Amino acid sequence: MLALRAAQEPERTAIVVEGEGTLTFGAWERRSQAVAHGLLDRGVRPGDRVALLFGSRDWADFAVAYCAVQLAGAVAVPLSDRLAPAELRYMLGHCEASAVLCGRDLKAPEGDRWTAAPAELEGAGTGPVGVRIAPGDLAQILYTSGTTGMPKGVGASHANLAFGCETRPNRRRFGHSRHLLHAFPIGTNAGQTMLLNALDARPAMLTPGRFTPGRFARLIESYGVGTVFLVPTMAIELLNTGLHERHDFSSVVLLGSSASALPPSVSVRLTAAFPNATVTNYYTSTEAAPAQTIMIFDPARPGALGRPASGGALRVTGPDGGPLPPGETGEVWMRSPAPRSYYRDEQASAEAFRGGWVRMGDLGYLDADGYLYLVDRESDVVKSGAFKVSTLQVEAALYEHPQIAEAAVVGVPHPVLGTAIAAAVVPRPAAEVSVADLRAFLMERLAGHELPERVLVVDALPKNQSGKVVKTEVRRRFGADATGRTEGV
Amino acid sequence: MTGPVAARLAEMVETASDGRLTAGEVLRSEGSLAALGLASLELLRLVDGIEDEFGVVLDLGGGAPLDGFPSLVGHVAENLR
């Protein structure tokens with residue numbers, strides 16, 4: 001795909017990282033080929049896993065490294081610079097990465113593998129590397145929070161990634177726009193979707209080198225951005241801080257939101273803040289992509305997440321595994337035209353992937369016209385802002401603290417994030433736990449979005465007769481009348 | 001920490017956290033703002049606020065200025081000159 005686009009439009013800008021630089025399709029292809037030669041020269045072989053550890057300011061180098069790994073027939077494992085050292089070590093060990101390509105100022109944890117910056121691999125060879133790749137070959141592994149606490153590696157084949165991509169110049173997506181702006185981190189499914197957009201859509205992919213809502217808003221205005229992708233948290237923050245009143249958003253014709261459902265009231269406010277934009281909600285998961293539902297905001301169906309698109313199918317499933325009629329609530333299942341699976345985890349794969357269907361981990365129902373609606377559920381995985389966070393993983397990190405006897409982690413309502421992470425901890429006898437020290441301890445083990453925003457030190461956790469922690473009660477203690485000994489200091 | 005920049009920045013941290021962290025405790029803190037309990041979204045608000053009010057651009061990836069409140073105050077004060 002890259003070779004074809006580079007031949008069609010070598011001088012066209014593919015990626016703009018604000019404050020850092022640009023990448024044309026021609027340079028993207030030349031540099032990817034050079035890095036692929038470098039990988040092969042260093043002994044990388046087809047099927048080897050090569051991790052890519054990059055921050056957002058190095059999106060261009062990441063794009064080069066990602067394509068280079070796949071040109072060499074190896075498997076790209078994108079990793080965010082936001083991950084804590086312990087998480088990185090787990091992921092690199094789980095996929096047995098043979099090498100890590102790093103962005104500026106980033107270092108991979110010590111291990112039995114070599115590391116390099118992409119530029120260090122460029123130079124030796126040029127032109128096509130000539131490695132044959134089959135559509136079913138594994139191309140990418142993305143780590144996502146799993147219900148058992150440890151991150152799951154979601155494997156995708158070349159056929160999966162290329163499904164639905166458009167190579168005909170007159171059919172390119174988002175043809176109405178010169179720039180497509182997003183701020184999704186590397187290592188997420190949304191980030192990978194944006195990389196594919198950079199490859200095959202009409203507009204150049206624009207991203208801030210260092211994201212803040214204010215900088216994002218300025219970019220919309222200064223570039224006259226036509227297509228914007230964000231998550232509900234970002235949308236709410238833009239609106240609450242009044243950025244739409246200080247900046248001109250009239251250039252935006254498509255405002256896409258993903259990661260979780262846009263609350264209807266937010267959609268209404270967005271249609272006012274972006275007066276010329278079609279507000280569109282996308283619902284998918286790392287496991288189900290490219291299958292998704294798409295919903296253009298419709299005041300008549302404000303809570304709907306849409307109907308299946310991109311070659312996928314959707315159903316609401318009952319306890320017996322059969323589809324439920326409209327109006328009845330059950331598990332949401334989505335079928336991908338080119339299924340993914342968990343890498344090296346057959347048990348979890350058997351749980352999540354059923355005969356071509358993906359269990360989304362959400363409960364919902366369909367209306368008579370086939371539109372999907374989600375309902376709340378009790379889950380060990382909560383969505384905080386754009387991220388899925390395993391409360392079990394946060395608990396596991398808390399239990400590593402020598403002064404903590406017990407811990408329970410829950411999601412609590414948050415006006416912008418939707419859900420914030422909250423932890424109730426019981427210190428060991430005679431132990432004094434400082435919440436600041438506890439957070440510092442967790443920062444070695446958890447990514448920023450996984451750190452509990454609220455911490456309550458309590459004498460005991462609420463439990464039922466069988467000794468199981470009652471999480472609804474834990475959540476209640478974080479309510480307005482919380483009476484713990486220490487709260488968040 | 002004392003001084004007008006420190007006092008104003010502590011107020012801005014309080015505002016960014018929707019009042020969960022008080023200016024007083026921020027002024028007394030020495031560890032990182034994240035360890036103090038400033039969530040990642042709130043940190044972004046603070047960075048935007050500092051950029052708007054002081055014209056000082058903070059690099060979130062760089063670490064150092066945001067490692068602790070004293071270093072943040074030092075960085076902002078230095079770049080004001």
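Every value quoted in this text rests on a predicted model; they were computed, and no experiment measured them. Scope of the values below: all heavy atoms of this structure, side chains included, with no hydrogens, waters or symmetry mates. Every chain is numbered from 1 and lettered A, B, ... according to where its sequence line falls, protein lines coming before strand lines.
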Task: Proximity of residues 51-60 of chain A to chain B, residues having a non-hydrogen atom under 4.5 angstrom - done: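 Result: none.
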Open item on the list: Heavy-atom cut-off 4.5 Å, strictly under: side chain, backbone, both or neither for A/Phe441 against chain B?
Closed with: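 Neither part.
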Open item on the list: Which atoms of A/Arg104 are under 4.5 Å from chain B, going by heavy atoms: the side chain, the backbone, both sets, or neither?
Closed with: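 Neither; nothing under 4.5 Å.
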Open item on the list: Rounded at 0.5 Å granularity, tell me how far CG in B/Leu38 sits from CZ in A/Arg439.
Closed with: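 Going from the CG atom of B/Leu38 to the CZ atom of A/Arg439 covers 9.5 Å.
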Open item on the list: Applying ring-ring contact (aromatic ring centres under 6.0 Å, His included), can you list everything that pairs with A/His449, at least two apart in sequence or on another chain?
Closed with: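 Partners of A/His449 by the ring-ring contact (aromatic ring centres under 6.0 Å, His included) criterion, ordered by chain and then number, come out as A/Phe387.
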- [ ] For B/Glu42 and A/Val416, run side-chain contact (heavy atoms from CB on, under 4.5 Å): C-alpha distance rounded to whole Å, both residues' side-chain angles, the deciding distance at 0.1 Å, then the answer.
- [x] CA-CA 10 Å; B/Glu42 296 162 352; A/Val416 180; over 6 Å; no
Task: residues 44-54 of chain B: residues contacting chain A (heavy atom under 4.5 Å, by number) - done: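 Near chain A, by residue number: B/Leu44, B/Arg45, B/Val47, B/Asp48, B/Glu51, B/Asp52.
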Task: With sequence neighbours excluded, residues passing side chain to side chain contact (heavy atoms under 4.5 Å, CB included) with A/Ala440 - done: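 A/Ala440 satisfies side chain to side chain contact (heavy atoms under 4.5 Å, CB included) with B/Ala35 only.
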TODO: Answer yes or no: is there a side-chain heavy-atom contact under 4.5 Å between A/Arg82 and B/Ser40?
DONE: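 SC-SC contact between A/Arg82 and B/Ser40 ruled out.
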Open item on the list: Measuring only between side-chain heavy atoms, which start at C-beta, is B/Asp18 closer than 4.5 Å to A/His414?
Closed with: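 Side chain of B/Asp18 against side chain of A/His414, heavy atoms only: no contact under 4.5 Å found.
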